[in-house]
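Working notes, beginning with the structure itself.
Residue numbering restarts at 1 for every chain, and letters A, B, ... go by the order of the sequence lines.
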Protein chains: 2
Amino acid sequence: MTKPVVTATLVGQKSSLHDIFALPPGRALDICLRLQTAILEHRLAPGLKLVEDEVGEIYGASRTVVRAALQALAHSGLVSIEKNRGAFVAKPTIREAHEVFQARALIEPAVARLAAEAITNEQLARLEAHLEAEHAALADGDMGKALMLSGGFHIEIADIADHRVFARMVRSLISRSSLIIALYWKRSDTACESHSHHALMEAFQARDADAAESIQKSHIIDLHSGLDLRKKQEGGTTLSEALGRAG
Amino acid sequence: MTKPVVTATLVGQKSSLHDIFALPPGRALDICLRLQTAILEHRLAPGLKLVEDEVGEIYGASRTVVRAALQALAHSGLVSIEKNRGAFVAKPTIREAHEVFQARALIEPAVARLAAEAITNEQLARLEAHLEAEHAALADGDMGKALMLSGGFHIEIADIADHRVFARMVRSLISRSSLIIALYWKRSDTACESHSHHALMEAFQARDADAAESIQKSHIIDLHSGLDLRKKQEGGTTLSEALGRAG
DNA sequence: TGACTAAAAATTGTATACGATCTGAGATTG
DNA sequence: CAATCTCAGATCGTATACAATTTTTAGTCA
């Protein structure tokens with residue numbers, strides 16, 4: 001049962017969650033996080049409608065709370081809300097896909113530099129453990145888990161950089177990347193990814209900020225090039241079916 | 001009566017507002033924008049408490065709607081919400097001030113480059129008009145207006161770059177900068193600012209992307225250095241006093 | 001059959017009500 | 001007199017109810 005560890009990282013157990021959603025702790029935040037996890041795990045397909053009553057029923061909360069959660073998710077870009085029509089799992093356009101990866105290519109290398117300059121031994125160990133988990137998932141052929149861990153790796157770096165403004169941006173960009181990958185990923189060999197992360201790891205161990213920055217930049221450009229920006233997947237699943245009763 | 005034009009730019013008349021707050025059009029968005037304007041015009045001091053009933057009374061809406069608006073503002077970083085305590089106009093810390101300007105120094109030069117590459121003659125004219133208005137405000141000694149226009153200038157550039165992800169980031173960073181300046185600005189000679197904007201304008205006219213990028217970078221570093229990050233202003237005004245009945 | 005229309009059902013938008021929590025003034029005590 | 005305690009008022013958190021809007025369905029007519 002290693003999954004909870006994964007989701008905790010990607011979803012934001014560290015670096016105070018309410019900082020991400022600007023919501024005080026409470027049931028709304030809970031629902032927010034659960035839905036976010038479900039979306040990032042690709043259990044809720046892009047385009048799926050999130051009916052307020054239905055979500056409330058599943059998590060045992062009233063529409064008031066659910067609405068707050070959905071609104072928060074809309075701000076983070078994982079959900080889009082249309083007037084009088086409701087909330088839907090976001091379905092990034094091809095344009096947005098490009099933009100998100102352009103933004104990542106600008107911001108994450110700078111963040112990697114900061115992280116390389118500030119990283120402690122303890123954080124190094126943690127990051128290495130993360131990398132190993134990622135490697136293991138790849139060996140198992142568990143792609144969903146590997147992708148999740150891959151995102152978590154980037155987020156951990158942002159946390160190490162200890163820059164809240166950047167960290168928040170990175171978190172949002174990576175969440176959206178997860179959706180984008182769900183829709184547009186084409187490349188079969190995800191191995192290169194793990195390789196990039198390994199190279200990054202070495203740069204961190206050497207505290208080589210220049211290397212970290214440049215490796216991260218290549219890595220993200222590489223990811224960007226791994227997208228097929230023509231076809232688009234349709235989302236047909238049903239809500240309670242995907243979430244079950246526990247979510 | 002030139003102010004509405006100004007606020008319209010800073011607040012986001014262009015580039016579909018609901019994109020900024022991820023809120024569908026409606027009363028919540030209205031309140032959101034009015035409060036944002038009031039905050040950015042420094043009529044609502046950092047730290048001021050925004051009582052839900054009071055805001056609702058002023059704008060003629062129920063708490064339900066007001067809460068949605070406050071939550072949206074919290075996401076954009078202009079308001080902070082504390083559990084069981086309510087919403088307050090955000091009061092950026094010194095650390096956050098540094099971080100916001102570091103982020104601007106990274107992102108805005110890249111955005112300026114994009115804008116220089118894409119700018120049309122029409123947009124050039126618009127931008128020039130904006131610059132003139134800014135110059136006029138400075139000549140009048142109307143600092144509040146000048147600051148507002150200064151922020152608007154940066155936002156227009158982001159809109160010209162036509163990159164929604166960056167534009168949204170820039171908008172959020174500039175909003176927060178407005179608060180930061182309200183709290184920490186020290187320099188008396190705001191003239192240099194106008195000078196920087198002039199230099200940028202020339203780069204745009206020449207479609208010189210390199211120049212635009214580098215000028216923007218220096219400009220933001222310069223702004224950052226114009227902050228005094230020691231003292232902190234206290235906010236004591238009252239809500240309805242600042243907003244009046246019309247807001 | 002197919003397209004259009006109208007009524008019914010489902011869903012969202014908003015207001016209101018009530019319990020929970022916080023705040024501050026005044027009483028109490030060492 | 002200062003510090004603490006208690007309780008009333010203010011304010012927030014959440015559920016529920018009803019109005020407005022959209023979506024679906026059933027029916028009608030060409």
When every non-hydrogen atom of A:I81 is compared with those of A:L70, the smallest separation belongs to CD1-O, 3.9 Å
### Task
Would you tell me whether A:R187 and A:S225 have side-chain atoms, one donor and one acceptor, within less than 3.5 Å of each other?
yes
- Could you tell me whether the side chains of A:H42 and A:S178 share a donor-acceptor contact shorter than 3.5 Å? yes
Outermost contacting nts on DNA chain C, any atom under 4.0 Å from chain A heavy atoms, listed 5' then 3', are C:dT11 to C:dT14
Exercise for review: Check the pair B:F101, B:L223 against side chain to side chain contact (heavy atoms under 4.5 Å, CB included), reporting the backbone distance first and the verdict last.
Suggested key: CA-CA 8 Å; B:F101 276 88; B:L223 281 177; 3.8 Å; yes
Contact string for nucleotides 5-16 of chain D, one letter per nucleotide 5' to 3', B = base within protein heavy-atom range under 4.0 Å, S = sugar-phosphate only, - = neither, reads ------SBBBBB
Exercise: do A:H154 and A:R104 side chains pair donor with acceptor under 3.5 Å: yes
Mutual orientation of the aromatic rings belonging to B:F21 and A:H75 [parallel < 30°, tilted 30-60°, perpendicular > 60°] | perpendicular
Do other residues, nucleotides or ligands put more than 12 heavy atoms under 6.0 Å from A:R164 CZ?
-> no
